[in-house]
Amino acid sequence: MGALKRLNSYLSKYKWAVVLGTLFLTGANFFLVWIPGLIRKTMDEVEALKNADYDGADTLFSTLFSTEAGIILAENAGYLIGAVALYGILLFATRQTLIVSSRKVEFDMRNEILEKLMKLPQRFYAKYSSGEIYVRATEDVNKVREYYGPVIMYSINTITRAGFVITMMYVVSKDLMIWALIPLPFISVFAYWITGYIHKHSIIIQEQYSELAGQAKETFSSIRLIKAYNRLDNEQEKFEKMSEQYRKKKLRLDMIESLFHPALNFLIGISLLIVIWKGGEMIIQGSLTVGNIAEFLIYVAYLTWPVAALGYTTNRFQKSLASWNRIEEVLDQPIEIESLKNVQDQESKKPSFGSIEFKNVSFKYPDTTENVIKNVSFKIEKGQNIAIVGRTGSGKTSLVQLIPRLFDPNEGEVLIDGQNIKSLDLEQLRSAIGFVPQDTFLFSDTIGDNISFGIEGATTEMIEEAAEKAQVKENILDFEKKFETMLGERGITLSGGQKQRTAIARALIKDPNILIFDDSLSAVDTKTEEAILKHLRQELSGRTTIMISHRISTIKDADVIYYLKDGEIVESGNHQELLALEGHYTNMYNKQILEQELAEI
């Protein structure tokens with residue numbers, strides 16, 4: 001009941017459209033049930049003329065336009081056309097209200113899910129695959145929409161039509177109505193039994209489909225690596241196994257669903273046979289006319305779709321509920337990182353986003369027990385250029401991810417201009433930071449749009465200037481469409497170095513107060529690195545800059561260099577001071593000098 005109440009809450013914006021749709025559908029069924037009565041009236045009146053030894057006309061034309069029978073037929077035909085026309089108009093109006101409302105709810109729900117996904121922490125994305133998230137935001141939403149559209153519409157249709165039809169059947173013959181409705185309890189029991197099975201297996205199948213979609217997405221994203229390692233057959237076999245599991249589960253559900261309509265039609269067929277059998281007896285007894293039987297048969301036929309729709313709607317409802325349960329998991333996820341509600345908006349309270357201070361900061365990733373950052377404390381003055389080095393896995397990336405609040409520390413605090421970053425507006429904080437992550441990601445868009453991603457209304461001049469500073473402009477101009485060149489998925493059109501430089505341009509165009517480079521020059525050669533650093537030194541003047549690198553050449557000119565080991569700062573100072581210590585930094589430097597000398601031999 002809780003899930004249903006929450007589902008219905010999405011309709012509150014469109015309640016009047018639903019009310020109108022209900023009235024339109026009720027009106028449509030009202031006119032529909034008059035059609036059998038008009039047919040019975042016509043048949044009985046024509047039969048009465050025949051019994052009165054009526055001498056009809058010789059031709060069809062004269063019968064229709066110059067006889068008493070023709071007048072009867074014309075009059076009743078006019079009523080029939082009117083009833084059918086009104087039924088059609090009202091049914092069209094029903095779809096324009098109920099079905100359109102369901103599409104609007106789908107739009108609202110999809111936007112709400114996307115908005116929630118944007119705010120969820122990294123822990124959520126570590127737990128669920130991208131394919132799983134994609135299916136929940138698309139396929140599951142589409143299945144839930146069926147509740148707001150077909151399920152609600154056909155439920156209203158079933159109730160109103162069945163109500164009108166049974167009422168008219170009662171008026172014609174109470175006894176024959178009872179006989180015709182005998183199969184209905186069996187239909188209800190059958191529907192109750194089968195929908196439980198459908199609900200259970202719909203959840204299983206959606207989970208399996210999510211895994212299948214995730215595997216397909218992962219395969220296509222890494223197609224170059226798969227080809228390079230000659231693993232095409234292995235990946236194909238893996239996908240076929242998952243696809244086969246999905247096929248078997250889906251076919252099992254399809255088999256149950258395929259029994260649904262034949263069983264319903266069989267039970268409706270029994271009703272028709274009962275009507276003909278008992279109705280024939282009543283005609284012989286003189287209590288009913290042939291027109292009454294014809295009317296009754298049409299009423300029973302009218303009940304076929306509502307009863308069939310009972311199966312359809314219960315089927316769709318169970319699938320919608322299964323998909324809603326999966327969507328609810330997303331919507332109920334806690335937002336762990338967000339701005340405090342009482343954040344001050346006055347300009348006087350806004351920090352200049354310059355100095356950064358870590359105070360006794362410890363951090364561990366969700367669902368892990370070991371800290372990757374351990375009691376780290378240091379301060380970066382406004383405009384200072386600092387570097388962080390250390391072996392792979394020492395916690396360098398984890399440390400800088402705390403500044404834009406991609407994660408929050410478990411202990412201690414991070415301060416900007418003396419204020420805890422948790423007290424700052426999250427949007428302001430991230431807008432003041434230019435972050436070039438270790439894993440470069442480019443969108444399937446133009447190069448220009450990728451560079452201007454972090455800023456609204458960027459001009460061509462701004463884009464080209466940022467590309468120039470990142471030493472990637474010449475490469476871009478070599479393309480036929482230059483900055484309008486479309487990139488493949490994840491920037492596959494560009495080389496590794498070009499992707500990194502495009503990401504640097506994307507950070508520079510924001511003109512941020514704080515710049516973070518997370519090993520962002522690892523894919524470029526030393527000559528290009530020197531050219532980029534030369535331009536960056538001018539650009540970084542007056543900005544607070546944090547550089548992470550495995551190359552000493554990249555960070556040797558930094559004001560302060562911190563050496564991180566196992567999540568702790570074990571050495572700090574400038575390049576010369578650290579060399580004088582003859583510790584971890586010196587060992588790292590000597591190894592790189594040796595590697596460079598060997599490469600030159």
Side-chain angles (χ1 to χ4, degrees), residues 337-340 343-359 361 376-388 396-397 399-409 413-438 451-459 461-463 465-470 500-521 532-549 554-555 557-562:
I337 298 176
E338 58 183 335
S339 298
L340 297 178
V343 168
Q344 298 292 327
D345 293 325
Q346 290 82 4
E347 286 294 327
S348 59
K349 294 293 184 181
K350 290 181 181 178
S352 59
F353 296 106
S355 67
I356 303 171
E357 184 177 3
F358 285 75
K359 273 187 162 184
V361 170
V376 167
S377 296
F378 66 95
K379 186 174 183 179
I380 309 169
E381 298 295 341
K382 182 178 180 180
Q384 196 173 30
N385 177 12
I386 73 108
I388 302 173
K396 303 183 297 296
T397 297
L399 185 67
V400 296
Q401 284 182 342
L402 301 178
I403 299 172
R405 293 192 68 194
L406 300 182
F407 294 96
D408 278 336
E413 56 184 354
V414 181
L415 309 175
I416 289 185
D417 295 339
Q419 295 185 52
N420 191 316
I421 58 174
K422 292 182 180 180
S423 68
L424 301 177
D425 180 75
L426 192 59
E427 187 176 337
Q428 287 181 29
L429 172 67
R430 290 177 177 172
S431 295
I433 298 172
F435 188 34
V436 186
Q438 189 174 26
I451 292 175
S452 63
F453 173 72
I455 186 171
E456 295 285 343
T459 63
E461 291 74 17
M462 292 169 65
I463 294 171
E465 184 182 353
E468 178 71 33
K469 291 173 182 175
Q500 281 194 334
R501 283 175 281 160
T502 302
I504 291 172
R506 182 167 60 193
L508 293 177
I509 199 173
K510 290 177 63 179
D511 192 26
N513 299 72
I514 299 169
L515 273 165
I516 301 172
F517 298 94
D518 186 3
D519 209 10
S520 53
L521 297 175
I532 293 172
L533 290 174
K534 181 180 177 181
H535 280 77
L536 283 179
R537 285 189 191 101
Q538 302 171 0
E539 195 59 34
L540 300 180
S541 178
R543 303 177 195 271
T544 305
T545 308
I546 301 171
M547 298 191 76
I548 294 175
S549 180
T554 304
I555 51 88
D557 295 325
D559 298 324
V560 182
I561 301 170
Y562 296 96

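Given the structure is predicted, the values throughout are model-derived calculations rather than measurements.
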Asker: Check salt bridge (charged side-chain N to carboxylate O under 4.0 Å, His left out) between D408 and all other residues, then give those that pass, not counting sequence neighbours.
Answerer: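 D408 satisfies salt bridge (charged side-chain N to carboxylate O under 4.0 Å, His left out) with R405 only.
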Asker: Among residues at least two apart in sequence or on other chains, which ones pass ring pair (Phe, Tyr, Trp, His ring centres under 6.0 Å) with F358?
Answerer: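 Applying ring pair (Phe, Tyr, Trp, His ring centres under 6.0 Å) to F358 gives F378.
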Asker: Looking only at heavy atoms, what is the nearest atom pair of A466 and L508, with distance?
Answerer: O-CD1, 4.5 Å
Asker: Treating D518 as the side-chain partner and V436 as the backbone partner, does any N or O pair qualify as donor plus acceptor under 3.5 Å?
Answerer: no
Asker: Less than 4.5 Å apart, side chain to side chain, heavy atoms only: is that true for I509 and I463?
Answerer: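 Result yes, sub-4.5 Å side-chain heavy-atom pair found.
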Asker: Ignoring hydrogens, what is the shortest heavy-atom contact between A432 and P512? Give both atom names and the distance.
Answerer: O-CB, 3.4 Å
Asker: Once rounded to the nearest 0.5 Å, what's the spacing between atom CD1 of I416 and atom CG of L429?
Answerer: 5.0 Å
Asker: Go through the steps to decide whether I455 and M462 satisfy the test side-chain contact (heavy atoms from CB on, under 4.5 Å), and finish with yes or no.
Answerer: CA-CA 10 Å; I455 186 171; M462 292 169 65; 3.7 Å; yes
Asker: How close do I421 and L402 get, counting heavy atoms only, and between which atoms?
Answerer: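 Heavy-atom minimum between the residues: CD1-O, 3.3 Å.
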Asker: State, to 0.1 Å, how close R506 and F453 come at their nearest heavy-atom pair, and which atoms those are.
Answerer: CD-CB, 3.8 Å
Asker: On a heavy-atom basis, which atom in K359 and which in S377 lie closest, and how many Å separate them?
Answerer: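 Taking K359 first and S377 second, the nearest heavy atoms are C-OG, 3.7 Å.
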Asker: Using salt bridge (charged side-chain N to carboxylate O under 4.0 Å, His left out) as the criterion, list what pairs up with E381, not counting sequence neighbours.
Answerer: none
Asker: Just by modelled atom types, is the P404 backbone N or O under 3.5 Å from a matching donor or acceptor in the R430 side chain?
Answerer: yes
Asker: Among all residues two or more places apart in sequence or in another chain, which pass the salt bridge (charged side-chain N to carboxylate O under 4.0 Å, His left out) test with K510?
Answerer: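 K510 satisfies salt bridge (charged side-chain N to carboxylate O under 4.0 Å, His left out) with no other residue.
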Asker: Assess whether side chain to side chain donor-acceptor pair (under 3.5 Å) is satisfied between D559 and Q384, documenting all intermediate values.
Answerer: CA-CA 7 Å; D559 298 324; Q384 196 173 30; 4.9 Å; no
Asker: Spell out, as yes or no, whether a donor-acceptor pair under 3.5 Å connects the side chain of S355 to the backbone of I380.
Answerer: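 Side chain of S355 to backbone of I380, a donor-acceptor pair under 3.5 Å: no, none is there.
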Asker: Any side-chain heavy atom of I386 within less than 4.5 Å of one from I356?
Answerer: no
Asker: For V400, which residues count as a side chain to side chain contact (heavy atoms under 4.5 Å, CB included) partner, sequence neighbours excluded?
Answerer: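 V400 satisfies side chain to side chain contact (heavy atoms under 4.5 Å, CB included) with I388, F435, I516, I546, I548 once adjacent residues are dropped.
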Asker: Which distance, rounded to the nearest 0.5 Å, do you find between the CD1 of I433 and the CD of Q428?
Answerer: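 Rounded to the nearest 0.5 Å, the CD1-CD separation comes to 12.0 Å.
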Asker: Go through the structure and list residues passing side chain to side chain contact (heavy atoms under 4.5 Å, CB included) with D511, not counting sequence neighbours.
Answerer: R543
Asker: Nearest 0.5 angstrom please: N385 CG to D557 CG, how far?
Answerer: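 These two atoms lie 8.5 Å from each other.
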Asker: Please find the pair of heavy atoms, one from A467 and one from I451, that lie closest to each other, and give the distance.
Answerer: CB-CD1, 4.2 Å
